[in-house]
Amino acid sequence: MPLICFASPKGGVGKTTLAANVADALRRSGQRVLALDLDPQNALRLHFGLPLQDNEGFAHELARRPDWRNAVRETPSGVILLPHGAVDIIGALDLATALEREPELLAAPLRAILADPDLMVVADMPPGASRALTLVAPHAAMIVAVLLADAGSAALVPEIESGRFLGAGSMTALFAGRLRVALNQLEPESRLSAAAAESVARRFGPRLLGAIRRDVAVAEALASQRLLLDLAPGSLAAQDLAALVRGIAAARPAMPEIAAAGWAGR
Ligand SMILES: Nc1ncnc2c1ncn2[C@@H]1O[C@H](COP(=O)(O)OP(=O)(O)OP(=O)(O)O)[C@@H](O)[C@H]1O
Ligand SMILES: [Mg+2]
């Protein structure tokens, strides 16, 4: 505990990038961190230097109820990684159907992971609403909805404010209280991008945790399968990442464990 989820109603906004790099930043501040990939795209591993041909993950074994620890990887960053594992479209559909029928297939290992009181878990979610997100949201101390700082983000604000993408039903309002927002790919020199960011900031107030600028260092880090703080610690995006992590820490009382761990000011 605790669990931080990176999710969004929209794809391609930087959920995986932020999940990986926030996990790394938390690890560098002295936390034990597990990065959990709940997206069948299986992309979180790419940030942690796993060989491209390494397709193993927990999803393959889910229906057989394995011990999730078997799929855990140590990574050079020190972050413990639980990769999703590669699945084709049929495999992804089968998995979604199995979870619909038997939510415990995911809920049980998740509870086991979260039972470790010293472990911080950072989860990368699939784009949009998903069975995985509906299952995981009740366990999350914080759900970070990632938005691009562009004109399209305005259309997503109601979706985030209502918490609709977290799943239907009366519990949605409860999870919505744990929702925070992170802006990504901000271009301060672009009037449109700056205006979009301002409008999101006005709308969400203190629930906006921070904004990461568009920075080629982010893409270069992914291309070299490294983490941003490893490849380009002095980059603009790395500075923004540090501020975002401070924003996460400041979002008390949702994350008392982080505040207690004393890394908020670093
Ligand atoms: N701040 C940034 N500056 C520059 N490039 C970025 C930034 N953030 C993300 N990117 C790039 O944008 C692309 C999409 O990022 P990412 O895969 O993290 O998005 P995602 O929301 O996880 O996508 P999906 O919905 O497919 O899971 C990647 O190529 C990534 O390197
Ligand atoms: Mg992703």
Side-chain angles (χ1 to χ4, degrees), residues 4-25 35-50 52 55 57 59 79 81-89 92 95-96 122-133 136 143-150 152-153 155-156 159-160 165-166 180-190 192-194 196-197 200 208-245 247:
I4 309 174
C5 287
F6 283 84
S8 180
K10 191 163 161 34
V13 292
K15 297 177 292 298
T16 305
T17 303
L18 293 187
N21 287 292
V22 165
D24 179 46
L36 172 61
D37 191 351
L38 289 169
D39 184 351
Q41 293 184 84
N42 196 30
L44 192 58
R45 72 201 166 107
L46 302 176
H47 295 264
F48 289 97
L50 256 62
L52 288 178
N55 286 321
V79 173
L81 176 68
L82 190 45
H84 184 281
V87 287
D88 58 16
I89 180 73
L95 191 61
V122 178
D124 179 30
M125 306 307 300
S130 65
R131 190 68 185 122
L133 183 56
V136 166
I143 301 158
V144 183
V146 183
L147 272 181
L148 291 182
D150 68 4
S153 64
L156 300 173
E159 189 76 8
I160 291 177
F165 76 109
L166 298 175
R180 298 291 183 277
V181 175
L183 274 171
N184 190 26
Q185 303 227 22
L186 172 67
E187 295 177 273
E189 288 78 33
S190 151
L192 192 58
S193 178
V200 167
L208 176 62
L209 298 172
I212 310 281
R213 279 166 282 189
R214 186 197 289 267
D215 184 345
V216 71
V218 175
E220 284 170 357
L222 176 59
S224 53
Q225 290 198 267
R226 287 166 66 185
L227 290 149
L228 184 63
L229 293 178
D230 179 26
L231 183 81
S235 62
L236 294 175
Q239 293 167 26
D240 296 341
L241 176 68
L244 175 67
V245 172

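In listed order, ligands and their atoms are each counted from 1.
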Which ligand 1 atoms are under 4.0 Å away from a heavy-atom of [X]?
X      : answer
Arg214 : 1 (N), 3 (N), 4 (C)
Asp39  : 27 (O)
Gly14  : 15 (O), 16 (P), 18 (O), 19 (O), 20 (P), 21 (O)
Thr17  : 9 (C), 15 (O), 16 (P), 18 (O), 30 (C)

> Does Val13 approach ligand 1 within less than 4.0 angstrom via side chain, backbone, both or neither, non-hydrogen atoms only?
Replying inline: both
> Where does Leu18 meet ligand 1, judged by heavy-atom distances below 4.0 Å: at the side chain, the backbone, both, or neither?
Replying inline: neither
Decide whether an N or O pair under 3.5 Å exists between [X] and ligand 1.
X      : value
Ile212 : no
Thr16  : yes
Gly12  : yes

> For atom 8 (N) of ligand 1, which protein heavy atom lies nearest, and how many Å away is it?
Replying inline: Asn184 ND2, 2.9 Å
> Short question: side chain of Asp39, backbone of Asp124 - any donor-acceptor pair under 3.5 Å?
Replying inline: no
> Just by distance, do the side chain of Asp150 and the backbone of Ser153 share a donor-acceptor pair under 3.5 Å?
Replying inline: yes
> Roughly how far, to the nearest 0.5 Å, is the CG atom of Leu147 from the CD atom of Gln185?
Replying inline: 12.0 Å
>> Just to be sure I understand the site: which N, O or S atoms from the protein are less than 2.8 Å away from the Mg ion (ligand 2)?
In response: Thr16 OG1
> Mind checking whether Pro126 and Leu133 have side chains closer than 4.5 Å, heavy atoms only?
Replying inline: no
> Closer than 4.0 angstrom: is that true for some heavy atom of Ala219 and an atom of ligand 1?
Replying inline: yes
